[in-house]
Every structure is written in structure tokens, then in C-alpha cells.
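Numbering of ligands and ligand atoms starts at 1, following listing order. Note that this is a predicted model, so its numbers are computed, not measured.
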Amino acid sequence: MLIAQLTDLHIGAGRRLAYRKVDTAGALEKAVAHVMSMAPRPDVVLFTGDIGDLGTPDEYALVAEILKDLTIPYFMVPGNHDRRGPLRAAFPDATPVAMGQAFVNYVVDDFALRLIALDTLDEGKPGGVLPKSQLDWLRGVLADEDDRDCLIFLHHPPILTGIAHMDAQNLGDGADELADIVSEHRDRIRAIICGHVHRPIHTVWAGVPLIIGPSVAHQVAFDLRADGPSAFVMEPPAMHLHVWDADQKNLMTHLAYLDHYDGPHPFFGADGKLIV
Ligand SMILES: [Fe+2]
Ligand SMILES: [Fe+2]
């Protein structure tokens, strides 16, 4: 089973450039073309949040227009740049939540590996949360009769990456409880995959692999200084391809580049200006 992960699209309405510099709509078009050209083709695509940049209906209309070319199943969780209402309205099939449910939590049971979507959005805030109701939902899913191996996907990582300005907006409330739940089921949670940090980062957390995906558009500057400023960098856009080998019960993650940006790769601030 092949799972493509596309994350942190940051699509702006009218193809507005992100940070006055990044053609995110063009980047998504290239990502979709890349996925559709892969052989073998992925079975499913997971979008791990920041689909839009402001979370408006016109942003999601542009995303939907571009995703017309993505003719394999895909699913989404919201990121901090998204808004649940417009996202769900634009992509009901990609956010298949139960009637009356406030959060975009759901389970995809169509594949060999069970896919569990967790919504960490705290609307209007950069950091993520998992309230008790959501943690109870996850406990219920993991305690049901389906004991297959599974993968959890969410936007905000529950870890500190060392990139200080991103760590200040990681998964806050609920992260410790999530660790307890994951640890309890670590034998069959094969990975937790996240977005948000715009860099490929791998670790082990609560006894399972935790993997953060690179952005399909622009990356966060690799800067481990405690006072490092918020900055992005035009390193090449990329995606993760997670390969689940059901026979060997092994999940392997490949990094695939989607485009090339000419180097060198200086750091840019949120205003799109060079940080010297
Ligand atoms: Fe993002
Ligand atoms: Fe984010």
C-alpha cells in the first residue's frame, strides 16, 4: 500500500503568492502531476493540513480546481491556516466526519492499513490542541473491534523539533494524553505523520515512528538557534511516500522531490525579505 503525503499547500486566492514570493498554486499543480505520474501510483493521498493560507472558500475553490487532476482517493485534516467550515464544505469526501461531529476526526477503513485522522486545529491560533472529547474519540477508535495496524495523521507535531519558532506553536494541550494513548497501542500504530513544520523530520515518540513531512511549496529555514527568527527557505519542494508492506509489517518512508529551486538557499522572513 502506497500512501502519498502532501502537506502545507498554503494556497492563496487568485493564486496569490505566499509571503509575496512562493507560487503555492503552481507548486500544488506540480505535486499533483508528480503523484499522478508515479508508477506504481499511490493508493491514497493524505493532506496533513494548511491546505489554504487564510481558510477562505475561494482558496478551497482553487484547491478543488487543481485537485480535479488528482483522480485517486485523498483525505484531509485541517492545519492552523485552515477553517473547518469552509474546508468541509469544499471537500466533503476528503473530510468524512460523522453527522453532528464538530471536529474533523475520522477513520478510513478502505485500505490494508487503517488511517486515523486527528484534527488538532485551534481555530485562529497557530498552535494545536486535542481536547478531551477528541482524545476520547481516539480511545474509542483504538478500542473497537478492528485491531488492524494503523497510521495516525494530524497537522501539529506533538514534539519539539529544535526549530524554536515552530516549537512555540506545536501540539500543546492534549499532547501528553495523546502520548499515553499511543504508547498503549504502540504495537499496531505504525506511524504518526504530521505537517506544520515544513521540513522532513523523523523521530520516535511514545514508542512509534513520528514523521513530519516537507512542504510541497516552501520549507521552514533549518535553524536550531534558540532565538532563530521565523524564516522560510526556498529549498526544493518535496513529499513523503509511505510504503506499507503488510506481509513484513513494515512502514518505510521515502522523500521525493517535486521540483528544483536554484540555490543557494538564503533565509527569508515572513515579509518575503531576505534575512541577512
Ligand atoms: Fe504550514
Ligand atoms: Fe501549520
Exercise for the section: Find, among atoms of H155 that are N, O or S, the one nearest to the Fe ion (ligand 2), and state its name. Expected result: NE2

Completion exercise
Given a cut-off of 2.8 Å, the protein N, O or S atoms lying below it from the Fe ion (ligand 1) are D8 OD1, H10 NE2, D50 OD2, H198 NE2

Practice task
Take atom CZ of R20 as the centre, draw a 6.0 Å sphere, and report whether it contains more than 12 heavy atoms from other residues, nucleotides or ligands.
Solution key: no

Practice task
Anything under 30° is parallel, anything over 60° is perpendicular, the rest tilted; go ahead and classify H155 against H196.
Solution key: perpendicular

Problem - Flag for D119-Q134: side-chain donor and acceptor within less than 3.5 Å - result: no

Exercise for the section: Run the salt-bridge test on E184 and R139 with the 4.0 Å N-O cut-off and return the result as yes or no. Expected result: no

Practice task
Answer yes or no: is there a donor N or O on one side and an acceptor on the other, between the side chain of R188 and the main chain of R148, under 3.5 Å?
Solution key: yes

Problem - Qualifying ring pair (Phe, Tyr, Trp, His ring centres under 6.0 Å) pairs with a residue from residues 222-242, counting only residues at least two apart or across chains - result: Y19-F232, H202-H240, H218-F232, F232-F268, H240-H242

